[in-house]
Number of protein chains: 2
Amino acid sequence: MMTRSPILRDHVAAAILDAAAIVLAERGDTASMADVAAAAGVGRTTLYRYFPNRDKLLHALTEAALTELVDRLVAARLESASVPDGIARVTRAVLGAAGKYQALAHTARKADMPPEFADQLGEPLAMLFRRGAADGSLRADLGTETLLGLYTALLEGVLSQGLHHHLGAEPAASALTSIFLDGARPR
Amino acid sequence: MMTRSPILRDHVAAAILDAAAIVLAERGDTASMADVAAAAGVGRTTLYRYFPNRDKLLHALTEAALTELVDRLVAARLESASVPDGIARVTRAVLGAAGKYQALAHTARKADMPPEFADQLGEPLAMLFRRGAADGSLRADLGTETLLGLYTALLEGVLSQGLHHHLGAEPAASALTSIFLDGARPR
DNA sequence: CCGCAACGGTACATCGATGTTCCATGAAGG
DNA sequence: CCTTCATGGAACATCGATGTACCGTTGCGG
């Protein structure tokens with residue numbers, strides 16, 4: 001027998017998640033399961049065969065998005081970069097993973113983010129900023145916490161505004177990094 | 001007869017809108033009319049007497065929020081300020097009007113923003129940034145459009161992240177302005 | 001080439017939200 | 001004091017979304 005193919009099934013599931021990410025990013029919570037199914041080019045019942053209910057789908061989506069983000073973050077090897085370059089890498093990583101990640105900002109209003117991810121995401125970033133405060137490559141007058149908050153706010157704003165679509169991911173990333181590090185005033 | 005009092009009615013309506021702004025900002029589209037009514041401390045039927053349906057409520061809320069924002073923006077007298085100071089004033093204005101404005105970012109996904117408001121909000125800001133590009137008080141290498149996009153992204157991100165609640169409106173505004181103008185790198 | 005299994009579609013039960021109607025209550029105003 | 005009117009609650013109809021069951025079709029695997 002051998003149920004058709006387990007790999008195919010995984011790929012279909014991935015395709016559904018990609019579609020879900022898009023439609024959720026567009027329409028937010030108002031997107032229905034039917035919308036997701038249609039966007040994925042799959043029957044509604046088939047969608048339910050892969051994800052037995054809406055919660056499971058959301059959960060799988062957040063997990064996929066956070067995993068991708070964490071992967072990109074470790075691949076960025078922040079330890080072996082200067083602080084400014086590290087920030088540039090983080091920016092590229094986040095904007096590159098935007099596809100799936102963007103949907104979560106609207107829906108999963110920090111509801112049930114698994115705490116292990118929170119650490120895996122937040123710690124490297126916090127470490128980077130602390131290092132910057134210590135070695136003088138970042139301002140100290142605003143406080144490391146505030147600085148980090150402003151940086152993530154800028155990331156979230158750019159994503160939610162779709163700026164990386166107008167400009168392309170790479171130009172958007174370099175513009176964002178440049179503004180955050182050097183400001184809008186000419187040096 | 002004299003239907004009780006027309007001013008009282010306006011105040012109740014305003015209270016409902018305030019409550020709606022809060023609950024919409026928290027729960028987004030998933031907030032029900034019943035939630036809004038409860039948050040406003042008013043019966044569900046009474047809510048429907050003031051706003052005959054959900055659309056009307058949302059519409060009134062966006063109008064109130066945008067009106068407040070426009071008012072603060074004209075009160076800021078951007079023409080008579082330097083560009084950096086103008087940006088500081090805009091930041092304070094937006095963060096000050098956050099209460100109502102924040103809810104719209106999640107819900108009214110630039111759906112039906114009345115175009116007259118779009119101009120009243122966008123034009124002064126665009127003017128300010130163009131002036132900055134012309135007189136050299138803002139960088140020109142990223143393009144005025146991009147610069148403006150990054151600035152509004154930063155505003156939106158700070159709001160959606162609630163940073164102005166952790167820090168207080170005024171400190172948040174000055175930190176935001178400082179980062180945007182001067183960057184995170186020490187000068 | 002044949003059968004199993006996944007697929008898509010239809011139909012259906014259920015649930016929560018929306019919007020409406022009606023009525024009892026209570027408080028302000030004359 | 002007594003009328004009047006807004007309020008809040010309950011009951012109701014409706015609608016869309018969720019989740020489930022069934023069924024005909026299709027196509028890959030053996």
Side-chain angles (χ1 to χ4, degrees), chain A residues 1-62 103-104 106-109 111-112, chain B residues 1-62 103-104 106-109 111-112:
Chain A
M1 42 193 88
M2 198 57 181
T3 91
R4 221 53 144 240
S5 158
I7 21 180
L8 174 62
R9 197 181 163 82
D10 289 359
H11 281 247
V12 174
I16 291 179
L17 286 184
D18 285 352
I22 294 175
V23 64
L24 278 238
E26 286 174 351
R27 301 217 266 288
D29 289 337
T30 59
S32 70
M33 293 284 112
D35 293 334
V36 173
V42 80
R44 198 169 68 92
T45 58
T46 304
L47 170 60
Y48 276 101
R49 281 187 193 102
Y50 281 83
F51 303 96
N53 57 51
R54 188 191 181 88
D55 273 352
K56 292 287 176 68
L57 175 68
L58 269 325
H59 207 279
L61 181 59
T62 66
L104 304 183
H106 300 300
T107 61
R109 214 86 219 103
D112 43 20
Chain B
M1 42 194 93
M2 197 55 179
T3 91
R4 222 52 141 235
S5 158
I7 28 178
L8 174 63
R9 198 183 163 78
D10 288 359
H11 281 246
V12 174
I16 291 179
L17 285 184
D18 285 351
I22 293 174
V23 65
L24 277 239
E26 286 175 351
R27 300 217 266 287
D29 290 338
T30 60
S32 70
M33 293 285 113
D35 292 334
V36 173
V42 82
R44 201 168 66 95
T45 56
T46 305
L47 170 60
Y48 277 100
R49 279 186 194 100
Y50 281 82
F51 304 95
N53 56 51
R54 189 190 180 86
D55 272 353
K56 291 285 176 68
L57 175 68
L58 270 322
H59 207 281
L61 181 59
T62 66
L104 304 184
H106 300 299
T107 60
R109 212 88 218 102
D112 43 20

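Here is how names work: the chains are called A, B, and so on, in the same order as the sequence lines, proteins then strands, and each is numbered from 1.
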Could you tell me whether the side chain of B:Leu58 reaches within less than 4.5 Å of the side chain of B:Leu24, counting heavy atoms only? yes
Under the salt bridge (Lys or Arg N to Asp or Glu O under 4.0 Å) definition, can you give me all pairs with a residue in residues 45-55 of chain B, not counting sequence neighbours? none
Identify, between A:Arg49 and B:Gly43, the residue whose nearest nucleotide on DNA chain D lies closer to the 5' end. B:Gly43
In whole Å, I'd like the distance from the CG atom of B:Leu8 to the C1' atom of D:dT7. 12 Å
Atom CG of B:Leu47 to atom P of D:dG8: distance rounded to whole Å? 10 Å
Between B:Tyr50 and B:Arg9, is any pair of side-chain heavy atoms under 4.5 Å apart? yes
Any residue meeting side chain to side chain contact (heavy atoms under 4.5 Å, CB included) with A:Ala38, in chain and number order, not counting sequence neighbours: none
By the 4.0 Å heavy-atom rule, please label B:Phe51 as base, sugar-phosphate, or nothing. nothing
If every non-hydrogen atom of A:Leu47 is compared with every non-hydrogen atom of A:Met33, which pair is closest and at what distance? CD2-O, 3.2 Å
Tabulated below should be each protein N or O lying under 3.5 Å from an N or O of nucleotides 16-18 of chain C; please produce it.
residue, atom, partner, partner atom, Å
C:dT18, OP1, B:Met33, N, 3.3
C:dT18, OP1, B:Arg54, NH1, 2.8
C:dT18, OP2, B:Met33, N, 3.1

Rounded interatomic separation in angstrom, taking CG from A:Leu57 and P from D:dT18: 10 Å
If you count the non-hydrogen atoms of other residues, nucleotides and ligands that lie under 6.0 Å from CG in A:Leu8, is the total more than 12? yes
Listed nucleotide nearest any side-chain atom of B:Thr45, set C:dG9, C:dC7, D:dA10: D:dA10
With a 4.0 Å limit, can you tell me whether B:Tyr50 has a side-chain N or O closer than that to the phosphate oxygens OP1/OP2 of D:dA6? no
